[in-house]
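Notes for the one structure printed next.
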There are 2 protein chains.
Amino acid sequence: MSLPHAILTALLEKPSSGLELTRRFDRSIGYFWSATHQQIYRELGRLESDGLIRALPAEQPARGQKKSYEVLPAGRAELARWTAASQDLKPVRDVLLLRLRAAAVVGTEGIEADLRRHLALHQRQLAEYQEIEERDFGPGKDTAQDRLQHLVLRAGIDLETFWTQWLTRALEEFEDLPGPA
Amino acid sequence: MSLPHAILTALLEKPSSGLELTRRFDRSIGYFWSATHQQIYRELGRLESDGLIRALPAEQPARGQKKSYEVLPAGRAELARWTAASQDLKPVRDVLLLRLRAAAVVGTEGIEADLRRHLALHQRQLAEYQEIEERDFGPGKDTAQDRLQHLVLRAGIDLETFWTQWLTRALEEFEDLPGPA
DNA sequence: TTGCTCATGTAACCCGTTACATGATTCG
DNA sequence: CGAATCATGTAACGGGTTACATGAGCAA
């Protein structure tokens, strides 16, 4: 039950149409909560019929017509409630770790190339986050809001740093291993 | 499509019944791929009808009767194929980071207590991993299989270390913030 | 008028979750 | 015998994923 709250957050930051939201879920918010346009339209419909958001301008009834939404007071209240509520942490589910465990049983053949691929992807993501940090969080950015957003970005940076280091170590380990031949 | 492969891995490590698998998914494998008993039974049924595993002993047809499974050659082959196959990495989906982003908009009231709770949980998990490391991966454990499993455990340790550090930093940040009062 | 892009949707499927059901075994 | 526990399931639901459908606006 987090997608509606992700959308409420995005709409509070800036009222948007479905497609604009989709674009923002490809960067920004999407860095820690991804969503496709199908999910977003479905959820916008629910939020509207629940009275948490409303379509912005004069009635635009049709398909193919842009339709922007803004958050209603009830929506803001719901988001505040959800943000403050205690939530259990979800158990980890990581395919790559699972594959390594499987490789310990059926052999490592073929997996090394994919580790390299993942390493490159994480390095790229890390670089992107670091660019954002330099661009958006220089000195003089320390309102409460800036500091919270910076904190979230730091989590992204540290996570990607972890993965690049761990994958590098994993690949070193593979060089020492008996090898596929 | 990872649960069947998690089960195949577990069954190759040791043939088991549904409930025994469930127990192992509460520790061990469950540390990076969790599953409930309902999922496991459903999937065992599929794997059996697909010819990847088979029930072990004489026909035990009934409910309430223990039923163990072992992996068939086709199952091992499928697991090897899956392990070697390139797989896209799933986008991050982290509720806590989302909540902080929301807090930047609707206020931080109430969230600090939950950060503390999360910190305690991650510290506990970290301690558990470190115990496992000391117990199971002392010197003299460096077959290929040991080293792969140790690598996976290191990922768990490093991830929990990241979260404890990041949450600690986050809580420090909150002490400096304007505060809810 | 054809095709491309913007924009909003529908439909079907699968996995994970939650609640519940039922038989077997053991122990007081 | 009754209750707890072990063990195997069924059923319903919801979110995420994938594939497809439809309309508007614009440009070659």
Side-chain angles (χ1 to χ4, degrees), chain A residues 1-8 11 15-26 29-30 32-50 53-69 82 87-95 98, chain B residues 1-8 11 15-26 29-30 32-50 53-69 82 87-95 98:
Chain A
M1 281 280 297
S2 297
L3 178 58
H5 304 96
I7 292 178
L8 287 173
L11 286 182
S16 309
S17 69
L19 193 64
E20 284 161 359
L21 281 175
T22 302
R23 300 245 159 83
R24 292 169 62 194
F25 274 82
D26 283 338
I29 299 191
F32 46 88
W33 202 272
S34 67
T36 63
H37 80 271
Q38 291 91 334
Q39 286 178 271
I40 288 168
Y41 284 118
R42 187 203 272 167
E43 204 59 49
L44 283 172
R46 284 182 203 163
L47 288 168
E48 188 176 24
S49 73
D50 289 352
I53 64 175
R54 72 165 180 201
L56 256 187
E59 303 301 302
Q60 281 158 332
R63 231 171 203 206
Q65 219 82 335
K66 188 147 106 171
K67 197 163 134 196
S68 287
Y69 294 90
W82 175 83
Q87 275 185 252
D88 291 339
L89 29 72
K90 305 217 79 175
V92 177
R93 271 223 185 96
D94 189 283
V95 187
L98 183 60
Chain B
M1 277 280 297
S2 297
L3 177 58
H5 304 96
I7 292 179
L8 288 172
L11 286 181
S16 309
S17 69
L19 193 64
E20 284 162 359
L21 280 177
T22 302
R23 300 243 159 84
R24 293 168 63 193
F25 274 83
D26 283 337
I29 300 191
F32 47 89
W33 202 271
S34 66
T36 63
H37 81 272
Q38 292 91 335
Q39 283 178 273
I40 288 170
Y41 284 119
R42 185 203 274 167
E43 203 60 47
L44 282 172
R46 282 183 205 163
L47 287 167
E48 187 175 25
S49 74
D50 288 353
I53 65 175
R54 72 164 179 203
L56 256 187
E59 304 301 304
Q60 279 159 331
R63 233 175 200 202
Q65 217 84 336
K66 189 148 110 173
K67 198 163 134 196
S68 286
Y69 294 90
W82 175 83
Q87 275 185 251
D88 289 339
L89 29 72
K90 304 217 83 175
V92 177
R93 273 225 183 95
D94 189 280
V95 187
L98 183 59

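Just so we're clear, the structure is a prediction, and the values are computed from it rather than from any experiment. Sequence lines set the chain letters: A, B, ... in the order given, protein chains first and strands last, and positions in each chain run from 1.
No N or O donor and acceptor, one from the side chain of A:R42 and one from the base of D:dG14, sit under 3.5 Å apart.
Nearest heavy atom pair, residue B:S34 against residue A:P91, reads OG-CG, 3.4 Å.
Side-chain N or O atoms of A:E48 include none that pairs as donor or acceptor with a backbone N or O of A:G45 at under 3.5 Å.
Applying the 4.0 Å criterion to OP1 and OP2 of C:dC14, one finds that B:R46 has every side-chain N and O outside that range. In this structure, B:Y41 does not reach the D:dG9 phosphate: none of its side-chain N or O atoms is under 4.0 Å from OP1 or OP2.
Between the C1' atom of C:dC14 and the CZ atom of A:R93 lies a distance of 13 Å, rounded to the nearest Å. We find that CG of A:L44 is positioned 9 Å from P of C:dT8, with the value rounded to whole Å. Here the P atom of nucleotide C:dG9 and the NZ atom of A:K66 are 14 Å apart, to the nearest Å. One atom, CG of A:L21, and another, P of C:dA7, lie 12 Å apart when rounded to the nearest Å. Rounded to whole angstrom, the span from the CG atom of B:D88 across to the C1' atom of D:dG16 amounts to 16 Å. Rounded to an integer number of Å, the gap from NE2 of A:H37 to P of D:dA21 is 13 Å. Distance CE (B:M1) to C1' (C:dG16): 15 Å, rounded to an integer number of Å. Taking atom CD of residue B:Q39 and atom C1' of nucleotide C:dA19, one finds them 15 Å apart after rounding to whole Å.
Within 4.0 Å (heavy atoms only), B:S17 reaches sugar-phosphate atoms of the nucleic acid but no base atom.
Looking at B:W82 and B:Q87, their side chains come closer than 4.5 Å, going by heavy atoms from C-beta outward. Between A:D94 and A:L98, the closest side-chain pair of non-hydrogen atoms is not below 4.5 Å.
Each of C:dG9, D:dG9, C:dT18 was ranked by its minimum atom distance to the side chain of B:T36; first place goes to C:dT18. Nearest to the side chain of A:W33, among D:dG16, C:dG9, C:dG16, sits D:dG16.
Once rounded to the nearest 0.5 Å, the distance linking CG of A:L11 with CZ of A:R24 reads 7.0 Å.
Take the nearest nucleotide of DNA chain D for B:Q38 and for B:P91: the residue whose nucleotide is more 5' is B:Q38.
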